[in-house]
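Have a look at the structure below before the remarks.
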Amino acid sequence: MGRASQGTVAAELSPTSDLEGLPGIGPKRAAELRSLGIRQPLDLLLRLPQRWEDRRSVAAVADLTGRWNEGAGEELATVVGYLESVRTIRLRGRRTMVTARLRDAADKTLDVRWFNRPFIARQIDPAARYRLHGAVKVKKNGLELLNPSCERWEVAEGEPALTPIYSSLGPHGPATVRRWTEAALRQDLPADPLPADLRSRRQLGDLPAALRAVHQPPPDASLDDLAPGSPPWRRVAYQRLLERQLRLARRRSLRRGTCAPISLPTDPDRLDRLARPFPFELTAGQRRCGEEILSDLGRSWPMDRLLQGDVGSGKTAVAALALGAVLEAGGQALLMAPTELLAEQHRQSLDGWGFGERWKVATLTASRRDAEAVRRELADGSVDLVVGTHSLIQHTTRFVRLALVVIDEQQRFGVEQRQAFAGHPHRLTLTATPIPRSLALTLWGDLELSILDEKPRGRQPVVTELQPITERMAVYAELEKRLERGEQAFVVMPRVGGEDKAGATAAVEVEGEALRERFAKFGAAAIHGGTPSEERQAATAALAAGDLRLVVATTVIEVGVDVPGATRMVVENAECFGLAQLHQLRGRIGRSTKPSKCILLHGPCGPAALRRLEQLVHGDDGFRLAAVDLRLRGAGDLLGARQSGLEEFSGLEEWLAEESSPWPEYARKDAEELLARWQDPALAALRERLAGDG
Ligand code: ADP
Ligand code: MG
């Protein structure tokens, strides 16, 4: 019955079908867009404009301040005027800088600079007026507009005042995206695919009307009518979250259809029994997460849970609860760490908690000679638990009764490339990058989430100071005194990107080497991008063992290794790092009850960058810092890498960074509910829309 109704309804509703109908999109481009997740014109329309420019609100140059604004961030301004003194300057490498001066209607001028846009200089007509939109920066001798958008200023009669500005789509710039979006809007828009009952429950308007409102605002619309959270914005954003959740819910339901190798019988004493060997009391958060995991392990289908917890929140102990439960029940388990050093450290923790006495535990890492023997013992079932590195444990490692896989990802987000193991074992992924629950739900909504949001008591927060690079000598003199007293420290320098990467990296390495020499009497080690991984780990291990007092890292150091004696950290050019990243870095120190301090040295940077870094001085909540990163720098920056599912959500940061936004949660609930009545004729359009994707 479902199938018949689906067929007929789909035929009349078929939503605008194919991208190739749009002007300027041929088969090649359509294929390219498909790989970016744009399959139908509706996908283009569901990408909300990044912002709207209000042509009516042109600023007078005299009114600009360049000041940081608490709510809005750096000052963005639209100015109109003539462009004079246009010059192109060649910089090192192949880079160029175009400078110009804008003269507005009140005859006030403002400097403008563009990097790497030489074509701008060729196009500027001194007799025409231009409209520039961009960030106002403070310079030594006044203000400037940096890398603004620039268009000829001609207002046509009846043209809407609000112009949508889109983010790029792969290689296609905002102007192209705008042209395609306008074309998609001119087609017959399909009727709203959501059933009326759902729309009224969530007080959502009609989708086609919302799409018209955001992409082609009526002439009298104001920015407030379209701002994030406004009714049309909300309707479009919700559609995206809901479609994402429907896909994730389908994946979850597939998992529920499979059978886990072990399902634990109910046992109210299990948690306390398993926690007994720890030399500490579990925190309330560890208990809660532990219970969530144990309850999953009692189900018949495989667990797939993400345990999120700030650095030092004690995720290993929670993982140990899960491992112990499965081992007690006779299953085999696997704990994977991102580096050999971490694998060794996990192994030591587990041994300290009595695992070695109760079960046969093995380590599988590259430097172990006995890898083949361990593999054999896993395959014949004589080893119960294996601790190893991600890279070593490939599909070829066989188990007889593998029941649980624990993956310690640290700051890397391997969640997208989770390995498959035969026999559907339970899976627990640990991650140290705290991201707001709303974003986690949206990205990884096919996993269950446990959040460890408190740290063991007795830890002293890391005192954080922000200092200009001019204080560098004083900072190192102070560091020297500390080292003399036997304290241990890290110095971190950013890995440098950009065009003259090789040169800049070399410069940082020279600096690092100079520091190493200066502090050689403390057995300082310098590690950088070219240092082989064994050497890098050896340095950290020597620090942990107390054989060295200083590690200078000109590369990203591995997070997660416990160096209880390290009490000092200096980060150079802190402005090059994301907040969440800096927070993780400083989590390397402050792991004992001794007071520790992290000094962030910053190079010359504007008020916006300083305000951002100050958040670290005052805040120790990784989740909140991550939310700030997300709002200011976008999701890609927060997670350190572009990954599927992220690009898709640019523009939704307002909802995804905001813990208090209920919408990501609503989307998840509604998706579950819709999936439960998936064959309902009212859902035909939605089924059609999601047909044929994973
Ligand atoms: P992370 O979440 O960063 O992986 P770890 O699991 O490495 O944190 O734990 C950090 C340190 O805190 C370890 O030395 C661990 O033994 C200790 N620890 C874990 N749980 C507690 C607790 N409830 N009370 C006191 N110390 C704890
Ligand atoms: Mg850890």
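Atoms considered below: every heavy atom in the structure, side chains included; atoms not considered: hydrogens, waters and symmetry mates. Just follow the structure's listing: the first ligand is 1, and inside any ligand the first atom is 1.
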field: Test item: N573 side-chain N/O and E575 main-chain N/O as donor-acceptor pair under 3.5 Å
entry: no
message: I'd like to know if the side chain of H583 pairs up with that of D310 as donor and acceptor (distance under 3.5 Å, no hydrogens or angles considered).
response: yes
query: Can you list the atoms of ligand 1 that are under 4.0 Å from a heavy atom of G314?
result: 1 (P), 2 (O), 5 (P), 6 (O), 8 (O), 9 (O), 19 (C)
Distance-only N or O hit between ligand 1 and K315, under 3.5 Å: yes
query: Do T389 and E340 have a side chain donor and acceptor closer than 3.5 Å?
result: no
- prompt: Counting from 1, what ligand 1 atoms have a heavy atom of T283 closer than 4.0 Å?
  reply: 23 (N)
Flag for D408-H346: side-chain donor and acceptor within less than 3.5 Å: yes
Residue-ligand contact G309/ligand 1, heavy atom below 4.0 Å: no
task: Any atoms of ligand 1 less than 4.0 Å from a non-hydrogen atom of G312? List them with their elements.
output: 1 (P), 2 (O), 3 (O), 8 (O)
field: Heavy atoms from other residues, nucleotides or ligands near CD of E513 exceed 12 (cutoff 6.0 Å)
entry: yes
statement: S313 heavy atoms within 4.0 Å reach ligand 1 at atoms 2 (O), 8 (O)
field: Residue portion contacting ligand 1 (non-hydrogen atoms closer than 4.0 Å) for E281
entry: backbone
message: Whether the T431 and Q308 side chains hold a donor-acceptor pair (N or O, under 3.5 Å, no angle test) is what I'd like checked.
response: no
statement: ligand 1 to T316, heavy atom cutoff 4.0 Å, flagged ligand atoms 4 (O), 5 (P), 6 (O), 7 (O)
